[in-house]
Amino acid sequence: MTTDSRRRALIDTDPGIDDALALLLAWGSPEWTVEVVTVVAGNAPLEACARNVFRLLDLRRPLPAPLVATGAARPLARPLRTAAYHGGDGLGDLPDWPPVEPRVTSVDAPGVIVEAATRYGGSLTIVALGPLTNLALAVERDAAAIRGAGRVVAMGGAVDVPGNVTPDAEFNAHVDPEALARVLDAGVRLDLVPLDATRQVTLEPAALQSALARAPAPFADRVRRVVEYALRMDLAHGRRGMDLHDPLAVGVALDPTLVRWEPVRLAVGPGGQTRRAAGEPNARFAHVVDTPRFLSMFLERLCPAC
Ligand code: RIB
Ligand code: CA
């Protein structure tokens, strides 16, 4: 294990438009180094999500470039269900992306997660932004290693609020409920960021425009067009903007004081329901959010220093 106490992050993701914003926030945050990005099927099929990671790496060019590993192409015990909200390719179906050369270092994301947790221990924060399939498989391989990570933060679930993919289930939990249950049972001290919190952080068009106004034109134009795909969906459904589900998970991984936490024991239903249950807590979940402080962090860090 390294003795260097610098903070490091491993981000497991299914990009995904909000995942893309979460990765930009993570790469724009000086508190840590994003050492690894692992890819899981969710918003789009695995291959599309992997391609999107490289599209975003080519767009943002973070230094150092993270190691990229692909993982599960489907949930543990059911067929994959993707999300139309992100478009067929997962990033709003823009027709003019530059071609990318996927440079995948490994196709064993669960093994890479275990390796990173073993190597970095308490200085590692694992942030899961999609269905927990890769993380559950990593826990199966070496639960003690994952428990040794500094923090494990996951966007998912709906505790005291309705779901977003069924009336009582949130998308990541719904896609792979067995994986969420396995992670909750593994004693990893999960920090869950559910819809109870993420619906308090909405990106409105004007705020996005003002943040992008400071960015280099090619970067700003690409981000704007990707996000506008989701915004059109939200505005068409009467919402005033786009909920920043995954960016908030990254935000609270960077600064847990952005939210109020409550210890909870959650039971996972067959459809991905995540409701309170009796017994010892198996997680803590974020509920009250310091929305202005998070939104200013997000908007300040979204774009590379211009
Ligand atoms: O319910 C929101 C979650 O599902 C986010 O992670 C979004 O990217 C989708 O994966
Ligand atoms: Ca996601």
Side-chain angles (χ1 to χ4, degrees), residues 9-26 37-46 48-53 55-56 70-75 80-92 109 126-135 152-177 179-180 183 190-203 226-227 229-231 233-234 237 239 241-253 268 271-274 285-286 289 298:
L10 178 148
I11 299 180
D12 187 67
T13 180
D14 62 333
I17 295 173
D18 64 323
D19 300 70
L21 296 178
L23 287 168
L24 294 175
L25 171 60
V37 173
T38 52
V39 191
V40 65
N43 287 319
L46 181 67
C49 290
R51 185 177 53 234
N52 290 338
V53 168
R55 283 173 168 173
L56 294 165
T70 53
R74 64 190 54 76
L80 175 64
R81 166 176 180 168
T82 57
Y85 176 82
H86 301 268
D89 76 344
L91 280 186
I126 296 172
V127 190
L129 304 177
L132 292 184
T133 320
N134 284 342
L135 189 57
V152 182
V153 182
M155 190 281 139
V159 181
D160 298 322
V161 298
N164 61 354
V165 69
T166 70
D168 54 5
E170 177 277 328
F171 178 82
N172 289 334
H174 177 75
V175 169
D176 200 341
L180 175 56
V183 171
L190 186 65
D191 282 351
L192 192 69
V193 185
L195 297 179
D196 309 59
T198 63
R199 283 192 174 125
Q200 297 175 47
V201 287
T202 301
L203 176 63
V226 166
V227 174
Y229 185 95
L231 279 173
M233 290 267 199
D234 287 307
H237 287 85
R239 294 186 288 267
M242 171 187 176
D243 290 340
L244 294 173
H245 304 295
D246 292 343
L248 182 62
V250 167
V252 303
V268 184
Q273 301 84 350
T274 46
F285 79 99
V289 182
F298 169 72

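Whatever order the structure lists them in is the order used to number ligands and atoms, beginning at 1.
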Practice problem: Check ligand 1 against Asn164 and write out every atom of the ligand that is under 4.0 Å from a heavy-atom position of the residue. | Solution: 1 (O), 2 (C)
Self-check item: Where Leu231 and Leu203 come nearest, the two heavy atoms and their spacing
Solution: CD2-O, 3.7 Å
Quiz item: Can a donor-acceptor pair be found between the side chains of Asn43 and Asp19 at a distance below 3.5 Å?
Solution: yes
Exercise. Not counting sequence neighbours, which residues clear ring-ring contact (aromatic ring centres under 6.0 Å, His included) with Phe171? List them please.
Key: none
Quiz item: So which heavy atom on Thr70 is nearest to which on Ala50, and how close?
Solution: CG2-CB, 3.8 Å
Practice problem: Could you name all protein N, O or S atoms found under 3.0 Å from the Ca ion (ligand 2)? | Solution: Asp14 OD1, Asp19 OD1, Asp19 OD2, Leu129 O, Asp246 OD2
Quiz prompt | Short N-O contact, Arg55 and Asp89, less than 4.0 angstrom | solution = yes
Quiz prompt | Atoms in ligand 1 flagged as close to Leu129, the criterion being non-hydrogen separation under 4.0 Å | solution = 6 (O)
Quiz item: Considering only heavy atoms of Asp14, which atoms of ligand 1 have at least one such atom less than 4.0 Å away?
Solution: 10 (O)
Quiz prompt | Donor-acceptor contact present, side-chain Asp18 to main-chain Asp246, <3.5 Å | solution = yes
Quiz prompt | From the candidates Leu244, Leu195, Asn43, the one that places a heavy atom nearest atom 9 (C) of ligand 1 | solution = Asn43
Quiz prompt | From CG (Leu244) to CE (Met155), nearest 0.5 Å | solution = 11.0 Å
Quiz item: Which of the atoms in ligand 1, numbered in the order shown and given with their element, are less than 4.0 Å from a heavy-atom of Met155?
Solution: 2 (C), 3 (C), 5 (C), 6 (O)
Quiz item: Where's the contact between Thr198 and ligand 1, heavy-atom distance under 4.0 Å: side chain, backbone, both or neither?
Solution: neither
Self-check item: Atoms of ligand 1 close to Asp246 [distance to a heavy atom under 4.0 angstrom, numbered from 1]
Solution: 5 (C), 6 (O), 7 (C), 8 (O)
Quiz item: For Asp243, what residues pass the side-chain contact (heavy atoms from CB on, under 4.5 Å) criterion, not counting sequence neighbours?
Solution: Arg199, Thr202, His245
Practice problem: Using a strict 4.0 Å cut-off to heavy atoms of Asp19, name the atoms of ligand 1 that fall inside it. | Solution: 8 (O)
Self-check item: Option of least heavy-atom distance to atom 3 (C) of ligand 1 (set: Arg199, Glu170, His245, His86)
Solution: Glu170
Exercise. Report the nearest protein non-hydrogen atom to atom 8 (O) of ligand 1: residue, atom name, distance rounded to 0.1 Å.
Key: Asp18 OD1, 2.5 Å
Practice problem: Check ligand 1 against Phe171 and write out every atom of the ligand that is under 4.0 Å from a heavy-atom position of the residue. | Solution: 1 (O), 4 (O), 9 (C), 10 (O)
Quiz item: Are side-chain N/O atoms of Asn134 and Thr38 paired as donor and acceptor at under 3.5 Å?
Solution: no
Quiz item: Where is the tightest heavy-atom contact between Glu170 and Asn164, given as atom of each residue plus distance?
Solution: CA-OD1, 3.1 Å
Self-check item: Part of Ile17 within contact of ligand 1 (heavy atoms, under 4.0 Å)
Solution: neither
Exercise. Please identify each residue that fulfils salt bridge (charged side-chain N to carboxylate O under 4.0 Å, His left out) with Asp160, with sequence neighbours left out.
Key: Arg276
Quiz prompt | Distance, nearest 0.5 Å, that separates CZ of Phe285 from OG1 of Thr274 | solution = 9.5 Å
